[in-house]
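Heads up: the structure comes next, in structure tokens.
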Amino acid sequence: MDQPSIQSLADRIAEWPKALPNGRGAERYAALKAEAAPPLAELLENPKVEKLLTGVFEGSPYLTALADRDHARLARILADAPEARFAALTEALWASMRGAADMVAAKRVLRLYKSEVALLTALADLAGVWPVMNVTRTLSECADAAVGSAVRFLFRLASARGQWSPFDPERPEERSGYFVLAMGKHGAFELNYSSDVDIIVFFDREKSRLAGDGDLQSFFVRLTRDLVLLLDERTPDGYVFRTDLRLRPDAGATQIALSTVAAHGYYETVGQNWERAAMIKARPVAGDIDAGAEFLSELSPFIWRRYLDFASIADIHAMKRQIHAHNDIGPISVAGQNLKLGRGGIREIEFFVQTQQLIAGGRQPDLRVCATLDALAALQHRGWVRPEVRAELDHAYRYLRRLEHRVQMVADEQTHEVPSQPNALDAFSRFAGYADVADFSAHLMPVLETVEKHYQGLFEEAPQPSEAGSNLVFAGAEDDPRTLGELKRLGYSQPTQVLAIVRGWHHGRAPVVRSPHARERLTEVQPLLIEALADTVDPDGAIASFDRFLAELPSGVQLFSLLRAQPGLIRLFANIMGSAPRLAHILSRRRRLLDAVLDPQVMGGELSGAAIDELVANAFAAARATGFGDPIQEILDTARRIGSELAFLVGVRILAGSISATDAGMAYATIAERLIAALFAEVTREMEEDHGRVAGGEAVVVAMGKLGGREMTATSDVDLILIYDFDPTVEQSDGAKPLSPPQYYARLTQRLITAISARTAEGALYDVDMRLRPSGQKGPVATRLSSFTNYQASEAWTWEHMALTRARVIAGNVALKSKVEDEIRSVLTSKRDRAKIAADVLDMRRRIEAEKATADIWDLKQVRGGLVDLEFIAQYLQLVHGHDHPEALSQTTVNALSKAAAVGLIRPEDDRQLADAGRLLHNLTQVLRLTIEGPFDPASAPKGMKSLLVRSAGENSFNDLEIRLKRTLAGVLDAFNRLIIA
């Protein structure tokens, strides 16, 4: 790292993410200032701290949660020099691990350490205090300390149990023969912000100090499993590092801790060139460091060959082709660009360097360095790379790694993709420090183009893949060229990986295919299975999902026999694995849901509110009983598990065609409202414990939008308003930390938003949108009943009253619920000027069209005659006729239209036409939201995707469906123009 400074992080802030003047970052910062106590309060007066944290709060929910979790920790990080803070943290880690009594205590120590380092490095990075390679170095040293202290802790436990006889009780891992190699970015001190750690574990039998007559390999395998638990397992305190041991020799067939003798035998006989490339960055980081260094020294002839043979050249060509195939995601772009794997990305720089290291490192030892930029400099020194190329790639590497960190800081996800959706891309551009997307693009595009240009200069005469025939042959050690071609023709973009997956099934690597009988049954259904998986939205993802699913099953005979007896299930499985990645992920992690897929009673059963309430109540009670410390984290995880599993069942029913769009929207909404009600009760209880109660105070949660209208889809967010009331004579709550009523309910609302939207180990439950509250984003997050009433009566715009037609109280105090519902009904039944309402509705539709106009009939929401027009018709009719016909009010669009027809507000034929349109548009929307992300393109969509849409609409062909859709849109648009007249 650079020379450390004694200045605090706050004093060294040089840059910050951009934030909107009155955005959520500013709102959260103001809330933090109101909550903060010294010394944090004084630090928050620093204008640079304000700019930094405002940008952080606006751009990163993950970092916001870390900052909110412990104000004292945030103050320490801002007030100390970051170098000194990291050193102190690491020293404290080793001391705390020395005092940890058991695995539970050790896990907590490690996770608290990583959590503070995560916030420290992010702020130092975003503030421009540390250059990017200092950040990667710190993250790598953090991983070193975590792995090293965990290994020492485990040897200390083993010594205390009498299983190990150490040379030094204070450092029982030394001279043990057991060592951990850090691989990849960890080995090169290049860890990214949300990286996992790739490690390999070896042991030298000759150095064993095992006590008694136990088996040494079994002992080290158990110790390694415990090491992974210490690092990888998610607890209420989070996790340390995701840990990957798959780089070890023949990972599919070997133990997670290998003897050095076995390892040398493997590398000397069947070691692959990709393993040579991986070993370039290997570094011993824990256990017996000297034994690790000795092992790598002995392995040097395998990694660094004096002469490059033709087979190695062919492998290097193949490695390059595999990367190109993996990155076959179109040309360089900004939206959706994969900074690591995409063209012009980080992987191309690494490959540029490592390939030339492999070629020349055998004869030129000074090229045998781990770090990418050090190796690039060495290659320039040796004449392999021109100085201007080294300078450009050095700059590009630092720039892309810095940007990669910001992508990962948003939600602590191991992702490398720039957001593709316009709103998310705009927000990310500001978080990355740019004024807007255009500014961001102007900086990113030249970097990507420069990297791609230099990368393409490598091995320009590389051989191309063979021409293919039509056979599917999975036997043998070599890939059959014609099989690769046929898999490509079927729709797989990475046929080599598909072939390797299927070959692995037949080699019996997983328990599900271990018996000959299971493999026989698999062979019988395999052609249909491969064809069905190919005919999905994402064939490669589908077969990978199915492979992960198989790996989790204990036996395959029953499943394969079932698929053989009921071929229709193959299509359902394929649709789940390929068309609905969310469902595939849930199914692969929760095997018991397989029974739900196959059980007609479960598939056809109703998801009633009462049943969900009982399920949630029991699960939350269990979470409180078993949670470590504060149970809220386990409760949040539990809510997310329940939500994802119930939504999974709804999704499967949609794919199976067993429920309509109306039923699906109702089911998704019921799940959401019952979980939100349960979480509201939990955060209310938590508020009362922390701040007491407000005398006479009560609150309710009002659902708006799709949730209010019971028309949710698999990807819907939730639009909410919190309304409260209290005794006007009360000035503050009665707890140990009293708050004024407005503060109290604002804090309650923030906790509810966090409880619903925060990303935990189980993901997020729903995104929350509070923009429909009175005064929108500028208003308080919680609204008093009197303010709500006054606003709706005198200040609200027509569009806000339109939105109110979908308002529905879903949680909170019963008496207040009745008052709020009365107020909403009073607003909706007010007498209105029909011409003014029509003019406002038409003006709003014109504004929306000016911003989001589209001729794409598959943009079912925005296209003219689509869902927006249908909803506007229903909302308009309710506003202009609510006074005379309150019985026509309904939060659900199709129901509102039906009620309007029942009282003569529209013709019966209009009702039939609009109801049919609503059912078609909602059916198609449910399928699209469940199966794909982004726009639907019929030209590139697989047949299976189109078949799902055709079936959901009850049509005979996709052509018939498109004809009907165009006719439907035209009919809705005609009704819109006839019924809404200014």
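Side-chain atoms are counted along with the backbone in the values below, which use heavy atoms only and exclude waters and symmetry mates. Sequential numbering from 1 along the given sequence is applied to the chain's residues.
- Looking only at atom types and distance, the side chain of His186 has no donor-acceptor partner in the side chain of Asp196 under 3.5 Å away.
- Under 3.5 Å, the side chains of Ser115 and Arg73 contain a donor-acceptor pair of N or O atoms.
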Inset, instruction - List the steps, then state whether ring-ring contact (aromatic ring centres under 6.0 Å, His included) holds for Phe295 with His264. - result: CA-CA 9 Å; Phe295 173 81; His264 280 300; 4.9 Å; yes

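- Formation of a donor-acceptor pair under 3.5 Å by the Ser140 side chain with backbone atoms of Glu190 is found in this model.
- Using modelled atom types, one finds a donor on one side chain and an acceptor on the other under 3.5 Å when comparing Thr372 with Lys281.
- Side chains of Ser429 and Asp436 form no contact here, defined as non-hydrogen atoms less than 4.5 Å apart.
- In this structure, His443 and Tyr434 have tilted ring planes: the angle between them lies in the 30° to 60° band.
- Within the 3.5 Å criterion, the main-chain N or O of Gly344 finds a donor-acceptor partner in the side chain of Glu348.
- Using a cut-off of 4.0 Å between Lys/Arg side-chain N and Asp/Glu carboxylate O, Arg759 and Glu413 are scored as salt-bridged.
- Aromatic ring centroids of Tyr267 and Phe302 lie under 6.0 Å apart.
- Between Glu83 and Arg12 there is a salt bridge, with a side-chain nitrogen of the basic residue lying less than 4.0 Å from a carboxylate oxygen of the acidic one.
- Taking each heavy atom of Leu89 and Val117 in turn, the nearest pair found is CD1-CG2, 4.1 Å.
- Remark: side-chain polar atoms of Arg390 are not paired, donor with acceptor, to backbone N or O of His381 under 3.5 angstrom.
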Inset, instruction - Dump the intermediate steps for side chain to side chain contact (heavy atoms under 4.5 Å, CB included) on Asp232 and Val240, then the final yes or no. - result: CA-CA 6 Å; Asp232 198 293; Val240 188; over 6 Å; no

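- Within the 4.5 Å cutoff, the side chain of Asn192 has no heavy atoms near those of the Ile346 side chain.
- When all heavy atoms are compared, the tightest approach of Phe352 to His454 is CE1-O, 3.6 Å.
- With contacts defined as side-chain heavy-atom distances shorter than 4.5 Å, the pair Val180/Phe202 does not qualify.
- To the nearest 0.5 Å, the span separating CG on Asp426 from CD on Gln421 amounts to 13.0 Å.
- Side chain of Ser297 to main chain of Ala293: no donor-acceptor pair is present (N/O by atom type, distance under 3.5 Å, no hydrogens or angles).
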Inset, instruction - Go through the steps to decide whether Ile199 and Leu181 satisfy the test side chain to side chain contact (heavy atoms under 4.5 Å, CB included), and finish with yes or no. - result: CA-CA 5 Å; Ile199 59 174; Leu181 294 183; over 6 Å; no

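- Using a 4.5 Å cut-off on side-chain heavy atoms (C-beta onward), Leu296 and Pro284 make contact.
- Comment: Glu350 engages Lys185 in a salt bridge, judged by a side-chain N to carboxylate O separation of less than 4.0 angstrom.
- In this structure, Phe179 has its ring center no closer than 6.0 Å to that of Phe203.
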Inset, instruction - Test Glu116 against Arg85 for side chain to side chain contact (heavy atoms under 4.5 Å, CB included), laying out the working first. - result: CA-CA 10 Å; Glu116 185 154 353; Arg85 177 101 298 268; 3.1 Å; yes

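- To the nearest 0.5 angstrom, Leu227 atom CG is 8.0 Å from Leu245 atom CG.
- A donor-acceptor contact under 3.5 angstrom links the side chains of Ser194 and Asp412, judged on distance only.
- Side chain to side chain, Tyr266 and Thr254 fail the donor-acceptor criterion of an N or O pair below 3.5 Å.
- At least one side-chain heavy atom of Leu379 sits less than 4.5 Å from a side-chain heavy atom of Leu367.
- Going from atom CG of Asp439 over to atom NZ of Lys18 covers 8.0 Å, rounded to the nearest 0.5 Å.
- Considering CG of Leu120 and CG of Leu9, their distance stands at 7.0 Å, rounded to 0.5 Å.
- Looking only at distances, no side-chain donor or acceptor of Ser149 sits under 3.5 Å from a matching main-chain atom of Trp94.
- Heavy-atom minimum distance, Ala378 versus Asp366: CB-O, 3.7 Å.
- Within the 4.5 Å cutoff, the side chain of Phe241 has heavy atoms near those of the Leu191 side chain.
- Residues Cys370 and Ala282 approach most closely at SG-O, 4.1 Å, considering heavy atoms.
- The 12-atom threshold is not exceeded at CD of Glu91, counting heavy atoms of other residues, nucleotides or ligands nearer than 6.0 Å.
- Using a distance-only test at 3.5 Å, with no hydrogens or angles considered, no donor-acceptor pair links the side chain of Thr243 to the main chain of Val197.
- A donor-acceptor contact closer than 3.5 angstrom is absent between the side chains of Gln357 and Trp304.
- Put simply, the side chain of Tyr193 gets close to the backbone of Ala118: a donor and an acceptor are under 3.5 Å apart.
- Here the closest non-hydrogen pair linking Ala544 and Ile501 is CA-CD1, 4.3 Å.
- Gln414 and Gln408 are linked by a side-chain donor-acceptor pair at a separation below 3.5 angstrom, with hydrogens and angles left out of the test.
- Using a distance-only test at 3.5 Å, with no hydrogens or angles considered, a donor-acceptor pair links the side chain of Arg111 to the main chain of Lys107.
- Distance check: Gln380 CD to Asp394 CG gives 9.5 Å after rounding to the nearest 0.5 Å.
- Side-chain atoms of Asp125 and His405 form a donor-acceptor pair, as typed in the model, at a separation below 3.5 Å.
- Residues Asp11 and Ser8 bring a donor and an acceptor atom of their side chains to less than 3.5 Å of each other.
- Distance CZ/Phe220 to CG/Asp204: 9.5 Å, rounded to 0.5 Å.
- Defined by atom type and a distance below 3.5 Å, a donor-acceptor pair is present between the side-chain atoms of Asp540 and Ser493.
- No side-chain N or O of Glu404 forms a donor-acceptor pair with one of Tyr399 less than 3.5 Å apart.
- Relative to the ring axis of Tyr455, Arg343 does not place its NZ or CZ within 45° and under 6.0 Å from the centre.
- Proximity of Leu112 to Leu93: side-chain heavy atoms (C-beta onward) are nowhere separated by under 4.5 Å.
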Inset, instruction - Check step by step if side chain to side chain contact (heavy atoms under 4.5 Å, CB included) holds for Glu58 and Phe431. - result: CA-CA 8 Å; Glu58 181 151 317; Phe431 185 59; over 6 Å; no

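- Arg347 places no side-chain N or O within donor-acceptor distance of the main-chain N or O of Lys340, the cut-off being under 3.5 Å.
- The two residues Thr121 and Leu139 make their nearest non-hydrogen contact at OG1-CD2, 3.7 Å.
- Side chains of Arg283 and Val285 form a contact here, defined as non-hydrogen atoms less than 4.5 Å apart.
- Between the side chain of Asp288 and the backbone N or O of Gly177 there is at least one donor-acceptor pair closer than 3.5 Å.
- One finds a salt bridge joining Glu141 and Arg137 here, because a Lys/Arg side-chain nitrogen approaches an Asp/Glu carboxylate oxygen to under 4.0 Å.
- Of the N and O atoms on the side chains of Arg548 and Ser545, at least one donor lies less than 3.5 Å from an acceptor on the other residue.
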